[in-house]
K.L.:
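Shown below is the structure under consideration.
Since this is a predicted model, take the numbers as computed values, not measurements. Chain A is the first sequence line, chain B the second, and so forth, proteins listed ahead of strands; every chain is numbered from 1.
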Amino acid sequence: MGQAELLGLTMATATDHTPDFDVNRHDSLGLRVQHVLHGNPVLGPLAVLIVAVIAFSLVNTRFFSAANLSLVLAQVTVIATLALGQTLVILTAGIDLAAGAIAVFSSVLMASFCTDLGMPGIPALLLGFACGTAMGALNGALVTRLKLPPFIVTLGTLTIFFSLNSVVSKSETVRGSDMPSIMTWTGTTIPIGGFRLTYGSIIMLALFGYFFYALRSTAWGKHVYATGDDIEAARLAGIRTNRVLFSVYTLAGLLYAIGGWILIGRLASASPNVGVDYNLDSITAVVLGGTSLFGGRGGVLGTLIGALIVGVFRNGLQLAGVEVVWQGFAIGLLVLVAVSLDQWIRKVKT
Amino acid sequence: MRGSLLIKRRLTPALAAVTLVLGTAACGGGGSGGGDDIVGLITKTDTNPFFVKMKEGAQQAATQQGVELQSFAGKQDGDNEAQVQAIENLMSSGAKGFLITPNDSKAIVPSIDKARQQGMLVIALDTPTDPADAVDATFATDNYQAGKLIGQWAKAKFDAEGKQAKIAMLDLNANQVSVDVKRDQGFLDGFGIPVGDPNRIGDESDPRIVGHDVTDGAEDGGRTAMENLLQKDPSINLVYTINEPAAAGAYQALKAAGRDKDVTIVSVDGGCPGVDNVAKGIIGATSMQFPLKMAALGVEAVTAYAKDGTKPTATEGKDFVDTGAQLITDDPQTGVEAKDSAWGKQNCWG
């Protein structure tokens with residue numbers, strides 16, 4: 001990750017304190033785990049995912065089949081795409097409550113560009129992406145120009161976008177059959193053995209791949225981490241933090257709009273009434289993936305795993321015959337554990 | 001620092017303008033009262049097409065009866081606060097009575113009591129209050145009957161085809177809301193499955209039921225729930241859905257699994273997109289409700305009360321005014337009265 005080069009330093013600092021803990025062998029093991037997790041925040045969520053997959057496979061034999069696993073992937077594709085944008089924002093110590101609203105509103109806009117304005121598929125799609133990007137840019141502008149806290153900004157725009165969504169759509173669903181086929185193309189599946197991969201999932205995975213690279217190996221990526229870690233220090237170090245923040249919110253808007261497109265493919269319709277929970281679901285995926293809500297720590301790989309954890313739990317608990325109320329309970333509990341783990345790992349620094 | 005000054009300078013004239021507009025609106029509102037009786041309409045939200053249609057019906061009836069309609073809505077499903085404020089506003093404007101679709105059947109009762117003490121006629125629309133006699137009358141669909149109709153139809157169809165049913169139940173949410181419970185239990189009763197406690201979803205032990213899952217009454221929830229239940233038991237051949245958006249989502253899951261031809265979906269609502277899906281053979285049968293009629297009858301009742309104090313009386317044998325439920329299908333079964341999708345298209349809402 002971006003802070004990997006800092007690892008040597010923090011390890012050294014921590015070693016100074018080791019004698020205090022060395023008395024107890026149990027603590028020493030805990031400390032080592034803490035160090036490993038601090039260096040590789042992905043390992044914690046990955047372990048949870050693997051344990052969950054093994055456990056659910058033991059409970060129900062249907063769980064561990066190519067068909068079911070590809071289903072889980074398809075089920076988390078929209079949320080994962082939104083959570084990717086959300087990760088960028090959270091890495092800068094911000095939060096984007098408008099993620100779901102932008103996705104759903106973008107999907108409704110691109111559908112109505114086709115049906116109401118009679119636009120062909122690709123221009124309508126691109127214009128829809130542009131709208132999502134503009135909504136993200138609005139968030140970015142409010143955060144950087146007016147210096148408003150991201151929570152407040154996106155709380156406001158969340159409400160605005162959902163209202164406009166109702167106005168534009170008149171609360172009516174546009175059916176996939178009334179749109180050009182490019183709009184629902186993301187829902188098409190390619191069978192690979194028993195695995196049924198959708199184009200939407202491929203787009204999502206490609207986006208994760210790209211941002212994994214961008215955050216790790218580009219100057220922009222380093223600036224995102226630095227801005228999230230300590231914005232004042234980053235600014236003094238010559239990073240144009242406002243520009244970084246603006247780029248993050250704008251890109252997130254584009255990613256949400258792509259998520260909206262994938263959503264149309266999944267539902268074979270553009271419905272203004274879906275996605276009310278997507279904002280929080282995307283944050284859940286990010287948090288479960290080990291990205292710190294305080295910024296500067298974590299990454300997109302963890303988010304993908306976090307989204308998969310939610311999908312695996314929801315699918316696995318249903319197959320195990322667990323009542324719906326307890327499914328929510330389990331995921332809530334996981335979030336608390338994830339945040340506690342994050343706090344514990346952070347203590348390595350002190 | 002500069003940023004905040006800028007806000008102040010820009011906001012001052014803006015605030016003045018807002019105050020001016022509000023002031024004018026207040027005066028205008030007071031002036032245009034014109035002596036017409038005021039009838040209130042308070043819906044759950046103003047985005048759901050069901051309530052949009054309800055408002056339309058109320059407006060038509062109000063124009064016809066020569067009364068002034070004031071409508072309000074909660075911000076989202078479950079928003080009690082906004083409905084309490086709406087009642088307060090109606091009380092201060094001297095309304096003769098109002099129609100309300102409670103977001104919280106219990107919590108709204110104290111406010112309704114106050115309004116009735118002031119001499120207003122209060123009618124619950126679509127959703128009863130708890131207790132039901134907190135209002136003067138309830139105008140609603142018999143949701144148990146609506147569920148029973150699709151249950152009877154499915155039973156007749158499966159008997160005629162000599163098929164053994166494997167049933168997926170796609171409900172609303174985990175809260176055991178009365179609409180959800182009544183439709184679900186009505187369906188099972190109509191199909192001839194013992195329901196256990198009629199006030200509880202999911203306590204049946206009949207092996208024909210594969211499982212229950214929740215949809216939030218939307219496409220995305222319907223799709224995911226159907227996918228998971230299909231994984232649990234791929235031999236599902238009958239799907240009950242709480243409403244038509246959930247049914248549309250379930251159909252996408254069945255189509256992706258290649259099961260769309262041999263699985264029967266039944267639903268409740270009678271929205272125009274749902275009736276279209278009946279015509280296309282996506283939904284086997286649906287029970288239509290009549291929100292427009294519900295609201296129109298409600299406004300007429302309040303107007304009659306304002307004129308001579310008469311209060312509406314309940315449908316014989318029921319504790320509410322039954323505004324009817326009509327089975328819509330293009331595959332009629334003997335012994336179950338139904339209308340076809342052509343009739344449905346003329347009478348649908350949304």
K.L.:
If I measure from the heavy atoms of chain B, does A:Asn60 come under 4.5 Å with its side chain, its backbone, both, or neither?
P.N.:
neither
K.L.:
Is A:Ser163 close to chain B through its backbone or its side chain, or both, or neither, when contacts mean heavy atoms under 4.5 Å?
P.N.:
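For A:Ser163, there is no contact with chain B at all, as no heavy atom is under 4.5 Å.
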K.L.:
B:Cys272: which residues meet the disulfide (SG to SG under 2.5 Å) condition with it, sequence neighbours left out?
P.N.:
B:Cys348
K.L.:
CG/B:Asn228 to CG/A:Leu71 distance, rounded to the nearest 0.5 angstrom?
P.N.:
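Here the interatomic distance stands at 6.0 Å.
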K.L.:
Should B:Val52 and A:Lys170 count as side-chain neighbours, where that means a heavy-atom distance under 4.5 Å?
P.N.:
no
K.L.:
Strictly less than 4.5 Å between heavy atoms, which residues of residues 169-183 of chain B line up against chain A? Please order them by number.
P.N.:
B:Ala174
K.L.:
Measuring heavy-atom distances to chain B, does A:Thr189 have an atom under 4.5 Å in its side chain, in its backbone, in both, or in neither?
P.N.:
neither
K.L.:
Which bit of A:Thr184 comes within less than 4.5 Å of chain B, counting heavy atoms only: side chain, backbone, both or neither?
P.N.:
neither
K.L.:
Dump the intermediate steps for salt bridge (Lys or Arg N to Asp or Glu O under 4.0 Å) on A:Arg62 and B:Asp233, then the final yes or no.
P.N.:
CA-CA 9 Å; A:Arg62 283 185 189 286; B:Asp233 188 343; 5.4 Å; no
K.L.:
Measure distances from A:Asp277 to the heavy atoms of chain B and classify the residue's part below 4.5 Å as side chain, backbone, both or neither.
P.N.:
side chain
K.L.:
Determine yes or no for a side-chain-to-main-chain donor-acceptor pair under 3.5 angstrom, with A:Arg196 supplying the side chain and B:Ala257 the backbone.
P.N.:
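Between the backbone of B:Ala257 and the side chain of A:Arg196 there is no qualifying donor-acceptor contact (under 3.5 Å).
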K.L.:
Is there a side-chain contact between A:Ser166 and B:Thr45, using heavy atoms and a 4.5 Å cut-off?
P.N.:
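Sidechains of B:Thr45 and A:Ser166: no contact.
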K.L.:
For chain A, which residues of residues 237-250 of chain B have at least one non-hydrogen atom nearer than 4.5 Å to it?
P.N.:
none
K.L.:
Picking from B:Ala253, B:Pro273, B:Ala256, which has the most non-hydrogen pairs under 4.5 angstrom with chain A?
P.N.:
B:Ala256
K.L.:
Which members of residues 202-223 of chain B, sorted by number, sit under 4.5 angstrom from chain A on a heavy-atom basis?
P.N.:
B:His212, B:Asp213, B:Val214, B:Asp216, B:Ala218, B:Glu219, B:Asp220, B:Arg223
K.L.:
So how far is it from A:Gln318 CD to B:Thr224 OG1, rounded to the nearest 0.5 Å?
P.N.:
11.0 Å
K.L.:
Is it true that, when you exclude B:Lys55 itself, more than 12 heavy atoms of the residues, nucleotides or ligands shown sit nearer than 6.0 Å to its NZ?
P.N.:
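Check fails, neighbour count at 12 or below.
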K.L.:
Just checking B:Lys280: does its NZ atom have more than 12 heavy atoms from other residues, nucleotides or ligands closer to it than 6.0 angstrom?
P.N.:
yes
K.L.:
Ignoring hydrogens, what is the shortest heavy-atom contact between B:Gln231 and A:Ser65? Give both atom names and the distance.
P.N.:
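So the minimum-distance heavy-atom pair works out to OE1-OG, 4.4 Å.
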K.L.:
Looking at B:Glu227 and A:Arg266, is there a salt bridge between them, counting it only when a charged N and a carboxylate O are closer than 4.0 Å?
P.N.:
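Counted as a salt bridge, because a side-chain N and a carboxylate O are separated by less than 4.0 Å.
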